[in-house]
Amino acid sequence: MTGRSENEKGSISLLGNQQTKYATDYAPEVLETFPNKHPGNDYFVKFNCPEFTSLCPITGQPDFATIYISYIPGEKMVESKSLKLYLFSFRNHGDFHEDCVNIIMKDLIRLMEPKYIEVWGKFLPRGGLSIDPYCNYGMPGTKWETLAWDRLAHHDLYPETVNNR
């Protein structure tokens, strides 16, 4: 990466790498970070992954979803290519929808220690039922912990009309 010092690059090794390998099962080790150049500013970073897939742990059938990840960074930020590879690694992973969003959130908390994070999965219907799990986290003992409770308590007060997505 031109224009950035080694310190600014953080642990980025995947971006620009032409020999990218795609994990065939859950691979949190592919996640990489880089330093937040504005840790004193509070701002949201949002990722939308409209092609998320995982497997039902009972039937092995595929589940499809859009995963929304929003976070307020602290000192570190997740690198987007590594996040893409990480989310792709769920393709052959068997877990319930609720487990997937909580695993994603917890892995990102361990990785970055964000001030605040939320993960929302909007899964396509299977068997006539769609499931949209939401989870969030605010750094304990801070205003972000209060924000997490408030957003959870008021989550989805005005749900969208679902027409088979």
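Along the sequence shown, residues are numbered consecutively beginning with 1.
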Please answer whether the main-chain N or O of K76 pairs with a side-chain N or O of N36 as donor and acceptor at a distance below 3.5 Å.
-> no
d(L31 CG, K81 NZ) to nearest 0.5 Å is 14.0 Å
May I ask you to decide if D150's main-chain N or O and H154's side chain share a donor-acceptor pair within less than 3.5 Å?
-> yes
Verify the neighbour count for atom CD of E98: are there more than 12 heavy atoms of other residues, nucleotides or ligands below 6.0 Å?
-> yes
By side-chain contact (heavy atoms from CB on, under 4.5 Å), which residues pair with E145, not counting sequence neighbours?
-> P140
Nearest 0.5 Å please: distance from the OG atom of S82 over to the CZ atom of F34.
-> 9.5 Å
Taking atom CG of L111 and atom NZ of K106, what is their separation to the nearest 0.5 Å?
-> 16.0 Å
Give me the ring orientation class for H155 and W120: parallel if the planes are under 30° apart, tilted from 30 to 60°, perpendicular past 60°.
-> perpendicular
Between the OG atom in S54 and the CG atom in N92, the distance rounded to the nearest 0.5 Å is 10.5 Å
Step by step, work out the side-chain contact (heavy atoms from CB on, under 4.5 Å) result for I104 and F52.
-> CA-CA 12 Å; I104 291 166; F52 181 84; 4.1 Å; yes
Name the one of I117, N41, L147 that satisfies side-chain contact (heavy atoms from CB on, under 4.5 Å) with I72?
-> L147
Could D42 and K143 be called an ion pair, given the rule that one side-chain N must be under 4.0 Å from one carboxylate O?
-> yes
For this output row, return yes or no: ring centroids of Y26 and F90 closer than 6.0 angstrom.
-> yes
Would you name the heavy atoms of L152 and N136 that are closest together and state the gap between them?
-> N-ND2, 3.7 Å
N/O donor-acceptor pair under 3.5 Å between D99 side chain and D95 backbone = no
Nearest-0.5 Å distance, CG of residue L108 to OG1 of residue T33 | 11.0 Å
Hey, could you give me the OG/CG distance between S89 and D25, rounded to the nearest 0.5 Å?
-> 7.0 Å
